[in-house]
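Everything below concerns the one structure shown next.
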Amino acid sequence: MTLTLVAITLFACAFLLGRASTQWTWATPSNASDTTDSERIPMSAGRLFALLFLCGWMLAWSAGILMALAMFVTSWGNPPVAVFMGGWLIAAVAGWFAVANLIWRLATGKPVKSGWDKL
């Protein structure tokens, strides 16, 4: 029940933040790849699916980080486990912030560009 309420709240926030203007449209713009950072892309079905999927993923990822943190705190007697869990936590938190940035870009209508575009 709590997870459902959190998902509904995240969806409502994403819906309100992702509106490009007062005119709501589900159409994908034909020039979506040509937009600049200052222009907003309307919410399409694909963007909405990606946004909802990543919000659910972040909930599970956050729970995993909290469990790993608990294991890290209790593993001080075993240095190899503590070192592994510390490294894993650093990578997991860095990934969490990267996905949070992606969610923000999807919700606010900013273009999502990958580093592969420059190759």
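Linking Ile, Leu, Val, Met, Phe, Trp and Tyr whenever their side-chain heavy atoms come within less than 4.5 Å leaves Met85 and Met67 in two separate clusters. Under the 4.5 Å side-chain heavy-atom criterion for grouping Ile, Leu, Val, Met, Phe, Trp and Tyr, Val93 is connected to Leu102 within one hydrophobic cluster.
Counted within 6.0 Å of CE on Met58, heavy atoms from surrounding residues, nucleotides or ligands total more than 12; the atom is thus considered enclosed.
Here the CH2-CG distance, from Trp88 to Leu69, works out to 10.5 Å after rounding to the nearest 0.5 Å.
Nearest heavy-atom pair across Phe72 and Ala82 is CE1-O, 3.2 Å. When all heavy atoms of Lys110 and Arg47 are compared, the closest pair comes out as O-NH2, 2.9 Å. Looking at every heavy atom in both residues, Trp96 comes nearest to Trp61 through N-CZ2, 3.8 Å. Between Ser75 and Val81 the shortest heavy-atom distance is CB-CG1, 3.7 Å.
Annotation: side chain of Asn101 is not in contact with side chain of Phe97 (no heavy-atom distance under 4.5 Å).
Ile103 pairs in a side-chain contact (heavy atoms from CB on, under 4.5 Å) with only one of the listed residues (Leu52, Leu54, Thr108), which is Leu54.
Ring geometry for Phe49 versus Phe53: interplanar angle under 30°, hence parallel rather than tilted (30 to 60°).
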